[in-house]
Amino acid sequence: MKISSLKARQILDSRGNPTLEVDCTLENGIFARAGVPSGASIGSKEACELRDNDKEHFFGKGVKKAVYNVNSIIAPKIIGMNVLEQRKIDEFLISLDGTENKSNLGANAILGVSLAVCKAASICVGLPLFNYIGGVGANLLPVPFMNIVNGGVHANWQGADFQEYMIAPFGAKSFEESYEWGSEIYHSLKSVLKEKHYNVSVGDEGGFVPLVSSNEEPLDLISIAVKNAGLSVGKDVGFALDPASSEFYKNGKYILKTQKLELDSISMINYYEKLADNYPIVLLEDGLSEFDWDNWKILNKRLGKKIEIVGDDIFVTNLSIVKKGILDNIANAVLIKLNQIGTLSETIDVVNFARQHNWSCFVSHRSGETTDSFIADFVVGLGLGHIKTGAPARGERVAKYNQLLRIEELLGNSAVFAGKSIVKNNV
Ligand code: PGA
Ligand code: ZN
């Protein structure tokens, strides 16, 4: 059960930027590898992603320091530890770093180790990763929230101001069917865009980037695509938005370039309310900026009964911020991104606390990804019911969805698809 070696190296992520992967080997020869993702629309309080800032290499984006920290500082201390003691290892990593935001060793270095250890442990005990994480009861397959139109920073501000337009095919009877519907809608959307002479090139998460003239136009285009795929908008498929609005919040105003509008917070909330009235939107993530805390309360009051109000940049998977959010009643769900906090154990603490307070947890990839599919096992392990990991296209995105197919196959008749159970009442 003892760890015999840990080795990190610098690789490239899906955007072509450096990130790291970590190999963990046990004394009995068992071997596991974990890749670390990287975001573009980053919350200001996320744990520190350590980069070299050496302009001679990768324009400063190298992660050789983080690699060094794993190989030369962390590894010598972790070697010999029991791989099954995940929490002890995570706590040790946190204390070895010694800072509030993991800026000493780097949250990227620490997460790579934390996840590689977890994967090696699951192989060691002979359990599928989702069972190792969640136990014998783990059988809930999530609804895939597929991001099929990209905007904002993920599209170099070439398309809509809103960053993500997601479809949630919750009317399917299984994950497999839901994935198939998502893929059909994606291809059907491509045809709709071609017909209307829109660009069909894609953004960072594999979604299309049409040059729309408003932020609701993608919802109309997607509605046509759903119908053309022979499915029903609202009954079979719901919509979700991640405007990632911190990115277009300047001096107290939300700047919607595509519509030449500058909205104050209440007008922005009114705009979402109208969208929720007109479309089957079941989830709104980062509708308001992370610097607009008080107005989140109003947003949640106005829309929180009907739809999931998810905080990403505002909570950054950080337990103390989530606790404050629950006290202030500013949302009803938290986005879960392992690299925002940096260890598996701390992420699980956020999930447990949120659930104890009847909040839901929406598991997420990052816009810069590797082919690591850890989050697929994580979402089933903890039974969180929904996941977003981009379009049903591009290797690093489908790596996660494909792993969910395998898990569903493995579970056979014991698999339960979350379906409509995860949505409130806007459909
Ligand atoms: P990011 O975007 O990975 O670029 O931060 C994802 C999100 O905002 O949810
Ligand atoms: Zn987000």
Side-chain angles (χ1 to χ4, degrees), residues 13-17 19 35-49 51 61 107-108 111 144-157 159-166 168 202-207 209 215 239-249 254 272 281-292 296 299 307-318 321-322 325 330-331 333-342 347 350 360-370 372 374-375 379 384 386-391 394 396-397 399-400:
D13 71 13
S14 57
R15 260 194 293 256
N17 292 323
T19 187
V36 179
S38 171
S41 62
I42 296 170
S44 64
K45 298 200 177 72
E46 288 193 21
C48 169
E49 180 181 70
R51 297 224 174 249
K61 290 193 169 158
N108 43 355
L111 183 67
F145 279 57
M146 297 179 238
N147 178 9
I148 61 172
V149 172
N150 292 183
V153 67
H154 293 169
N156 291 306
W157 299 101
D161 303 290
F162 292 0
Q163 182 178 280
E164 300 171 23
Y165 293 80
M166 291 168 271
V202 300
D204 287 355
E205 297 186 353
V209 185
N215 290 294
F239 298 159
L241 295 173
D242 178 8
S245 66
S246 303
E247 299 289 323
F248 54 81
Y249 182 67
Y254 293 89
Y272 293 132
I281 293 171
V282 297
L283 179 153
L284 173 64
E285 176 187 331
D286 281 3
L288 296 178
S289 157
E290 64 164 306
F291 302 110
D292 202 6
W296 271 82
L299 172 68
I307 65 181
E308 237 183 294
I309 302 294
V310 183
D312 171 9
D313 289 0
I314 198 160
F315 297 137
V316 292
T317 319
N318 181 307
I321 308 176
V322 171
I330 72 156
V334 55
L335 196 76
I336 300 294
K337 287 171 167 166
L338 288 137
N339 82 324
Q340 284 182 327
I341 191 67
T347 310
V350 171
S360 27
C361 295
F362 186 30
V363 176
S364 173
H365 65 158
R366 298 307 301 249
S367 54
E369 267 294 338
T370 71
D372 190 301
F374 187 90
I375 57 171
V379 71
L384 297 174
H386 51 347
I387 186 171
K388 65 166 189 173
T389 183
R394 306 284 136 188
E396 75 284 2
R397 311 297 149 188
K400 285 73 163 168

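Please read these numbers as outputs of a predicted model, since none were measured by experiment. All residue numbers refer to positions in the sequence shown, counting from 1. Remember, it's 1-based here, ligands and their atoms both numbered in the order they're listed. Only this structure's heavy atoms are used, side chains among them; waters, hydrogens and symmetry mates stay out.
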| field | Of all N/O/S atoms in D312, the name of the one nearest the Zn ion (ligand 2) | value | OD2
| Y272 side chain near I307 side chain, heavy-atom distance below 4.5 Å | no
| What is the closest protein heavy atom to atom 7 (C) of ligand 1, and at what distance does it sit? | K337 NZ, 3.1 Å
| task | Report yes if S38 has an N/O atom closer than 3.5 Å to an N/O atom of ligand 1; otherwise report no. | result | no
| remark: Under 4.0 Å from one or more heavy atoms of D242, ligand 1 contributes atoms 7 (C), 8 (O), 9 (O)
| So, D242 side chain and E164 main chain: donor-acceptor pair closer than 3.5 Å or not? | no
| Atoms of ligand 1 close to G39 [distance to a heavy atom under 4.0 angstrom, numbered from 1] | 1 (P), 3 (O), 4 (O), 5 (O)
| request: Determine the minimum heavy-atom distance between T370 and V36, stating which atoms define it. | output: CG2-O, 3.7 Å
| query | N/O/S of E285 less than 2.8 Å from the Zn ion (ligand 2)? | reply | yes
| Is a donor on one side and an acceptor on the other found under 3.5 Å between the side chain of D286 and the backbone of D312? | yes
| query | Just which atoms of ligand 1 are under 4.0 Å from any heavy atom in E285? | reply | 9 (O)
| message | Can you name the atoms of ligand 1, numbered from 1 with element, that are less than 4.0 Å from a heavy atom of R366? | response | 1 (P), 3 (O), 5 (O)
| query | Looking only at heavy atoms, what is the nearest atom pair of H386 and V379, with distance? | reply | O-CG2, 3.6 Å
| Numbered atoms and elements of ligand 1 in range of E164, under 4.0 angstrom, heavy atoms | 6 (C), 7 (C), 8 (O), 9 (O)
| said: Could you check whether any side-chain heavy atom of S289 comes within less than 4.5 Å of a side-chain heavy atom of Y254, counting everything from C-beta outward? | reply: yes
| ligand 1 atoms in contact with D312 (distance to a heavy atom under 4.0 Å) | 7 (C), 8 (O), 9 (O)
| request: Check whether any N or O atom of G368, backbone or side chain, sits under 3.5 Å from an N or O atom of ligand 1, and answer yes or no. | output: no
| said: I'd like to know if the side chain of S364 and the backbone of K337 have a donor-acceptor N/O pair within less than 3.5 Å. | reply: no
| When you measure from atom 2 (O) of ligand 1 to every protein heavy atom, which one gives the shortest distance, and what is it? | H154 CE1, 3.2 Å
| Which N/O/S atom belongs to D242 and is the closest one to the Zn ion (ligand 2)? | OD2
| No-hydrogen, no-angle side-chain donor-acceptor test under 3.5 Å, S14 and R397 | yes
| said: Would you say that P243 contacts L284 through its side chain, given a criterion of any heavy-atom pair below 4.5 Å between the two side chains? | reply: yes
| request: For atom 9 (O) of ligand 1, state which one of E205, Q163, K388 supplies the nearest heavy atom. | output: K388
